[in-house]
Each structure stands twice: as C-alpha cells, then as structure tokens.
Number of protein chains: 2
Amino acid sequence: MTVPRPCSIADTLAVVGEKYSLLVLREVFLGVRRFDAMVRGIGAPRDVLAARLKHLVEAGVLEKVAYSERPPRHEYVPTAAGLELQGVLHLLRQWGDRHLAERPPLVLGHDCGAALDPLVVCAHCRQPVTPQSVSLPPS
Amino acid sequence: MTVPRPCSIADTLAVVGEKYSLLVLREVFLGVRRFDAMVRGIGAPRDVLAARLKHLVEAGVLEKVAYSERPPRHEYVPTAAGLELQGVLHLLRQWGDRHLAERPPLVLGHDCGAALDPLVVCAHCRQPVTPQSVSLPPS
DNA sequence: TCCCAAGGGTTGGGTTTTCAAACTCGCCCT
DNA sequence: AGGGCGAGTTTGAAAACCCAACCCTTGGGA
C-alpha cells in the first residue's frame, strides 16, 4: 500500500471533517442559520466560519437562501444531503454523553414520546450493528 | 449567548475531531493496528500520527498493547469506548457512498447475510430517526 | 562479524491554518 | 448626522501541519 487507502470515509471527512464543520451542522439543525448567531454558538473565528460555510455550500451540504432583498440577508439551510448527516451528530452526542459526561446531556425528544436514544441497526434485518456482527471484506 | 454552546458533540469532537483521528479508528477497525501500517493506510505524516495516537490513548479510545517484549513492539487496539464509535464511521461511509460516489463502495457484510446498510433508529421504538421525528428542546 | 532492514518513533525546517481584533460596507432607525 | 446590525474581510502573530531525515533497538542474512 503505497498510497492512502481509497475510502469514502476519508472523502466524507474532506467535506465535513474540518474543524467546526460539524458544529456548523449542529447549529443549523438546532435552527441557528445566521452568520453572527453561528459565530456565537460555535465560538469559531469569523474568517474560519466564513470559509467553512462557503465550503459546505459548494459541497452541496448547505444552501444559501435569501430571506430579505433589501438589505441583502440570507440564511444557511441544509440540503437533502445535509439532512442525512443528522445521524452522525446524534451518535457523536450520544458518545460524548456516555463517555465524557461533562455536563447534563441535551435531551432531544423522539416522536414516540421517549427521549431520543439513537441506535445503529442494519436496514435489512433491523438488528443492532455491533463490531462482531460486521464482517470485513477480504483484504 | 456569549460563550460557545456547551455541547457533548463539541466535547466528542475534541477527542476524535482532529485531522486523521477518525481515519485512525477506521484503520483500527479494519484490523490495521501498527504504526507503520497506519502511516501507509492513512497517508498522514508520522509525527502527526504519533500525536493522534497518543491523544487517543490518553482519551481512552485506544489502548497500547505489547505483542512482543524483545524487540519491544506494540499495537493499538480499541477500548470499549472506542468500539462504540464504529457507528459514526459506518454513517460517514454511507454518506460518502451516497453523495460522493467517487469509487466503488467498500462493501461490509452483516450477520444477516446482507450487505451492511446502517440505519439510525430510536432505541425505544425502533423507528428510523428523521429530522421530522426529532423534537428540539425548548430554547 | 558486518551490514542492512523493520518497527516505532523524534527532530528540524518551512508552509499553512488558526486566531482575535479591528475594519468595511450597505442599510435601517432616530 | 450618528449609531447599530448583519455579514463578512483584513491583518499580523501563534499554532498546526507537512516532509524528509535521523535515531535506536533488535533480528536476519552474507
């Protein structure tokens, strides 16, 4: 192996793996969609946030939507592709709540009435995906 | 909001959000557990990889296990906490396969016999977690 | 015995990114 | 005219990152 492993995890991280990118998505999912509000919520330098937003828009994860012509104002909304990243954030939050426990967890609700407790299952058999239940490809 | 939002997503990203950290976990889950092999698989600079490994060990995500006394040799194996991050990698891979499609997807198998297709459900009701089915906390 | 290779890093240096603070620009309000 | 908001852009110093080269230990041939 002389060149880095080709891999869609790496490809995905090239889109959302830079510092603050996933926090931008967190804010968007929480309904925070304006530049200044994101700066405050994330605590990122303004120039870095501007660069991340541009990158995410170019990658088709967010879309810039005008909500006022004059003065020109717009907000960042997730595309369909962007919405599909919510699961990643749910899992990151769950992992932090379980293993870092530095704060009272943010409790999200699920339609069923219970607190949201995300679980990764196989879409085919609906059984949980565990390290043991996954088989690696023959190397 | 004068200070960044306190959030376990951000806390988790402080552990695994640096450049290459999730790729280290990918390699570990693929069974690649030695320094030089990781350098080749990931394509990271050796010094950066050394720093990431140290950080992941200190954070309790990986453990350094000797497999030879003389010469002193060891490998990096995931802890229980580390194993729990597999779901994140499955989702990142799935997203890349769906939206980037730059290569034939790496097909992992699931116990049920089908190709692994990860899906995030609510552990309580087993229904898929969608943007619409999750309710935000009252801000 | 001598030399080389493998494993697992460390060191020195130059190149990018980040960062925080200040600045800009258009528009609205008073 | 002055002040403020939203949304960035500029600036210059600090921190990462990248790469090549080097180090050390042990094991294996020639």
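In the text below, chain A, chain B and the rest are named by the order of the sequence lines, each starting its count at 1.
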Is the distance from OP1 or OP2 of [N] to the nearest side-chain N or O of [X] less than 4.0 Å?
X	N	result
A:R46	C:dT24	no
A:Y20	C:dT17	no
B:R70	D:dC24	no
B:Y76	C:dG9	yes
B:H74	C:dG7	no

For this session: Check whether any side-chain heavy atom of A:M38 sits under 4.5 Å from a side-chain heavy atom of A:V28, and report yes or no.
Result: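 Side-chain contact under 4.5 Å: yes.
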Rounded to the nearest angstrom, tell me the gap between atom [atom1] in [X] and atom [atom2] in [N].
X	N	atom1	atom2	value
B:D47	D:dA15	CG	C1'	14 Å
B:E69	D:dG27	CD	C1'	16 Å
B:M38	C:dG7	CE	P	13 Å
B:L49	C:dT10	CG	P	11 Å
A:K19	D:dA16	NZ	P	8 Å
B:R34	C:dG9	CZ	C1'	15 Å
A:R40	C:dA20	CZ	P	16 Å
A:L53	D:dG8	CG	P	7 Å

For this session: Look at atom CD of A:E102 and say whether more than 12 heavy atoms of other residues, nucleotides or ligands are closer to it than 6.0 Å.
Result: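 Yes, CD of A:E102 has more than 12 neighbouring heavy atoms, counting only those of other groups under 6.0 Å.
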For this session: Output the distance between atom CG (A:L22) and atom CG (B:L92), rounded to the nearest 0.5 Å.
Result: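 It comes to 7.5 Å.
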So which nucleotide from [options] ends up closest to the side chain of [X]?
X	options	answer
B:F35	D:dT11, D:dG8, C:dG9	C:dG9
A:Y67	C:dT18, D:dC17, D:dA7	D:dA7
B:P71	D:dG27, D:dA16, C:dC27	D:dG27
A:R73	D:dC18, D:dT10, D:dC5	D:dC5

Problem set entry | Earlier contact from the 5' end, DNA chain C, for A:P72 and A:E18 |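 Counting from the 5' end, the first nearest nucleotide belongs to A:E18.
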For this session: Mind checking B:K64 for me? I need base, sugar-phosphate or nothing, with any heavy atom below 4.0 Å counting as a touch.
Result: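 Sugar-phosphate, no base atom in range.
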Exercise. Does B:Y67 have B:R34 sitting over its ring (NZ/CZ under 6.0 Å from centre, angle to axis within 45°)?
Worked result: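 So B:R34 does make the cation-pi contact.
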Problem set entry | Modelled atom types, side-chain donor and acceptor of B:Q94 and B:D117, under 3.5 Å |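 The criterion, which ignores hydrogens and geometry beyond distance, is satisfied for B:D117 and B:Q94.
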